[in-house]
Amino acid sequence: MICLNQVILCKYGELVLKGLNRSSFEAVLIRNVRRRLKSLGDFSYSSRQSTLFVEGDDSLCDFGEAMERLKRVFGIAKLCMAVSCEKNLDDIESTVSEYLGESLQLAQSFKVEAKRADKRFYLDSMQLMAELGGRILERYPHLTVDVKSPEVTVVVEIRDNSAYVHGMPVDGAGGIPVGTSGRALLMLSGGIDSPVAGTMMAKRGVIVSAIHFQSPPYTSERAFIKVKKLAAKISEYCGQITLFSVPFTKIQEAIRENCPEELFTIIMRRQMMEISQRLCEAYGFSAIVTGESIGQVASQTMAAMVATDSVCRLPVFRPCIGLDKKEIIDISYKIDTFDISIEPYEDCCTVFTPKHPKTKPTLAEVERAESGFDFDPLIKEALDGIAQVTLRPYEEYDF
Ligand code: ATP
Ligand code: MG
């Protein structure tokens, strides 16, 4: 359908509660939306009455794809494709039939919802609903009104500048705009949990960079490609992601040669944390994020986490901590990372795994086990060997 007054209405969620900070939150949201839609046409953006209006010339802008992308922008609670028209009943009625006529033709029942933000409009919401409902019934006499569960809901919003007609809004991603809560470093493996954890932090406004530990030749190039694919995928929610890759082989071999087998994993995780936080310090990231969930595996018992965290000078956020695997998987489906995460490539965590890992290591025994070897030179070497790559949303990658 050709329609020149198309507009996407993005309704703010928590942003509405932000009081004095609100305009800076809005500015960040608009910047994020602008970046996400840049390749889809020359849209214009304006923010009024708790709503972001995304407008553009219908023949030059891909509204359908824009709608899909906007569903992945944090800070938007609900969104809908709408059509604007003059603020009078005749125009509203003909816009309804032009825009929603096909659905009304096919449906059995409908209702009208009216919102009058412009209090100067000559009908109040109830009157507008009754008037428009009557006119729709005249045009489509096969319909009945069903206020509880209608097949089609016709929404009319009377705002300051125009009237807007649309169907039921769909859910947005919620949360607050990425870039309003500081920066954190996500420890990104190729698994299911860490991409979910990173996306959950982005939902709370955090800018996420990622770090991945590789141990060639024990881990393959394909395993790293999988991690890049995951970073590119979650960038649709998180915005562009810088991915740091750390050569970790020598440290893992040193652990294998110098530490008791039952503590391999916990010591390895402490070394990962140490490297991660030195990178955070160098780049000004305020926290580390992991995909751990308590009790999920031997290295994720409370005792193991205490032993890991004792090397940390920065907060470690674990947004999946209280979720079941099933709940984490549900989110991974939603953000579309599941199919990538289950590709069968090895992770450095599965190299040299002990047969019987200690589930309740004490800090003292872990420190004693580490003390026979000076890891610091190897940590510095690993940091010097870090490579970085930036993954951007909706870019075509030749992985
Ligand atoms: P995931 O599904 O996220 O891989 P997991 O259940 O496999 O988690 P572990 O392998 O014990 O759990 O890893 C726990 C957390 O440690 C991961 O969620 C991730 O944050 C981090 N991690 C594991 N391996 C790596 C790696 N190679 N590089 C960076 N971080 C890693
Ligand atoms: Mg893993």
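Just so you know, these numbers come straight off a predicted model, no measurement behind them. In each ligand, atom 1 is the first atom listed, and ligand 1 is the first ligand listed.
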For Leu9 against His166, the heavy-atom pair lying closest together = CD1-CD2, 3.9 Å
In chain order, what residues pass the ring pair (Phe, Tyr, Trp, His ring centres under 6.0 Å) check against Phe25, with sequence neighbours excluded?
-> none
Keeping to residues at least two apart or across chains, list the salt bridge (charged side-chain N to carboxylate O under 4.0 Å, His left out) pairs with something in residues 280-308.
-> Arg269-Glu292, Glu281-Arg313, Glu292-Arg318
Show which atoms of ligand 1 fall inside a sub-4.0 Å distance from at least one heavy-atom site of Leu188.
-> 28 (N), 29 (C), 30 (N)
Shortest reach to atom 16 (O) of ligand 1 by a heavy atom, considering only Met187, Arg269, Glu292 = Arg269
Pick one of side chain, backbone, both or neither for how Asp193 approaches ligand 1, counting any non-hydrogen atom pair under 4.0 Å.
-> both
Indicate the ring-plane relationship of Phe43 and Tyr45, choosing parallel, tilted or perpendicular according to the 30° and 60° boundaries.
-> tilted
Heavy atoms of Leu185 and Ala210 approach each other most closely as CD1-C, 3.7 Å
Winner among Glu346, Met273, Arg318, Gln300 once heavy atoms are compared against atom 9 (P) of ligand 1 = Gln300
Ligand-side contact atoms (ligand 1) for residue partner Gly191, heavy atom cut-off under 4.0 Å | 1 (P), 2 (O), 4 (O)
Report yes if some N/O of Gly291 lies less than 3.5 Å from some N/O of ligand 1; otherwise report no.
-> yes
Are any of the N/O atoms in Val289 less than 3.5 Å from those in ligand 1?
-> no
Hey, is Leu186 touching ligand 1 through its side chain, its backbone, both or neither, going by heavy atoms under 4.0 Å?
-> neither
What is the ring orientation for Tyr397 with Phe399, classed by angle as parallel under 30°, tilted 30 to 60°, or perpendicular over 60°?
-> parallel
Taking only heavy atoms of Ile211 into account, list the atoms of ligand 1 that are under 4.0 Å away from them.
-> 29 (C)
Which part of Gln214 is near ligand 1, with near meaning a heavy atom under 4.0 Å away: side chain, backbone, both or neither?
-> neither
Do Pro393 and Arg35 come within less than 4.5 Å of each other through their side chains, counting heavy atoms only?
-> no
Under 3.5 Å between some N or O of ligand 1 and some N or O of Thr290?
-> no
Quick one: does Pro195 get an N or O within less than 3.5 Å of an N or O on ligand 1?
-> no
Quick one: does Ile192 get an N or O within less than 3.5 Å of an N or O on ligand 1?
-> yes
Tyr218 and Phe352 aromatic centres sub-6.0 Å | yes
Compare all side-chain heavy atoms of Lys325 with those of Ser293 and state whether any distance is below 4.5 angstrom.
-> no
